[in-house]
Structures are given as structure tokens and as C-alpha cells.
Amino acid sequence: MAGFLLWRLAGMAAILGASSILVFGALQLAPGDPATFLLSGRSATPEALAAIRAQYRLDDPLPVQYLHWIGGVLTGDFGRSVQFRTDVGGLIASRAPITLTLIAMAFALTMILGVALGVWSATRPGAVDKAVLVGSSVAVATPSFVLGFVLIALFSVKLGWFPSIGAGDWPTGCTTSRCPPSPSRSPSPECCPGCRARR
């Protein structure tokens, strides 16, 4: 048993290592110069470009850059975001609660619905069993982006239970789909007090 676990852990480590190399290589092949992007809107003088390259170690050989990057990842230093110009670790930490909440909710719904439908189809052979089998097969075969659009249209646009973008003011029940996007339009009766206060 211990040998099997060690073998699986070694396989996972190898996959993660290969994936990190592929991701790093893909970033290097992306068009554009990161130093020029960081200086967008400012004067891209040779001195400024040299300073940016030295700060982000862009002049180091690719193996050295990779070792520096993967070493930082393993020690919790994810570097700075080129787009947001702040620590990547802070960005991940600020979004982790919502991500973990979504994972927990999806797991709970999957377990509850899966067990309930499984027990129902097992105790009702025939039409019910076939309907559950066909429904689950269609749900699995449907592309996730198509299913996502359908769920957004139903639960956000039509019913207004959840926000279509972001987390809204959950768990107060306030969703942006209940309020008109333009301040010139008066809020609907379903618009929550928080949205009314911001108008």
C-alpha cells in the first residue's frame, strides 16, 4: 500500500513538473516584450527597459529563469503579476474564499443530487431508471460552457437568484441581475437595499 501511494505521488510530481515546464515555455513563446508591456503608457527608454529586465530577471538564460520561478513557487513566492502589478500570492489569497466556497457548494450539490438520483433510479427500475440514465448522459455530454450559459440565463437572468458576474452580496440575496445596470433607470422592487444605496 505504501509503495503504491509513493508511486502515485511520484507520478503526480512528474506530471506537475512537466506541466510547469510547458506553461513556462508557452509564456516565453507568447508574442510581445514583457518589459515593454510593463512600461506601457510611460517612456520606454533603454535605461527603463534595462531596469525592468534586471528587476524581473528577464536577461537570465531560460533555464535560470525557470529554476528561479519554480523555486519561488515551491517556497510560496509566486512573484508579481505583470497585469495587476502586485503580488500574485495576494491575488490568489483574495480570491481563494470565493473559489473554495464554489468548490464546496458544487461538491455538496453533486453528492446530494448524485446519491438521491442513484437511489431513486435503483429503487424504481424501468422508466425512471432510463430517464435518470439518459438525463445524466446528456448532462455529461453537454459542453461545460453551453451548460454554464444555460444556467446563467435561468438562475441569474430569469430567476435572479445569483449574480451573473462576480459573487454579488451573497448571502444577503442581493444580485446585480435584479437591478438595472444604468443609474438612469429606477431600481425594480426586487432590487436589494444595498444596490439602492449605491445609486
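Note that the structure is predicted; figures quoted are calculated from it, not measured. Both backbone and side-chain heavy atoms feed into the values below; hydrogens, waters and symmetry mates do not.
Interatomic distance, Leu67 CG to Leu74 CG, rounded to the nearest 0.5 Å: 10.5 Å. With rounding to the nearest 0.5 Å, the separation of CG in Leu100 from CZ in Arg95 is 14.0 Å. With rounding to the nearest 0.5 angstrom, the CZ atom of Phe4 is 11.0 Å from the CG atom of Leu6.
Shortest non-hydrogen contact noted between Val128 and Ser121 is CG1-CA, 4.4 Å. The nearest pair of heavy atoms linking Pro97 to Ser94 is CD-O, 3.8 Å. Pairing each heavy atom of Asp129 with each of Pro125, the nearest pair is CB-CA, 4.0 Å. Contact record, Leu133 with Ser136: O-OG, 2.9 Å, taken as the closest heavy-atom pair.
Cluster membership for Trp69 and Ile92, using ILVMFWY side-chain heavy atoms within less than 4.5 angstrom, is shared. Both Phe78 and Phe24 are assigned to one and the same hydrophobic cluster, defined by single-linkage of ILVMFWY side chains at heavy-atom distances under 4.5 Å. Leu159 and Leu147 fall within a single hydrophobic cluster, where Ile, Leu, Val, Met, Phe, Trp and Tyr are joined by side-chain heavy atoms under 4.5 Å apart, directly or via other members. Hydrophobic clustering (side-chain heavy atoms under 4.5 Å, transitive across Ile, Leu, Val, Met, Phe, Trp, Tyr) keeps Ile152 apart from Leu154. Val88 and Val73 fall within a single hydrophobic cluster, where Ile, Leu, Val, Met, Phe, Trp and Tyr are joined by side-chain heavy atoms under 4.5 Å apart, directly or via other members.
Ser156 contributes no side-chain N or O that, together with a main-chain N or O of Ala153, makes up a donor-acceptor pair within less than 3.5 Å.
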Between Leu62 and Tyr66, is the side-chain contact (heavy atoms from CB on, under 4.5 Å) condition met? List the steps. CA-CA 6 Å; Leu62 289 182; Tyr66 172 78; over 6 Å; no
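Taking the side chain as every heavy atom from C-beta outward, Leu91 and Asp87 never approach each other to under 4.5 Å.
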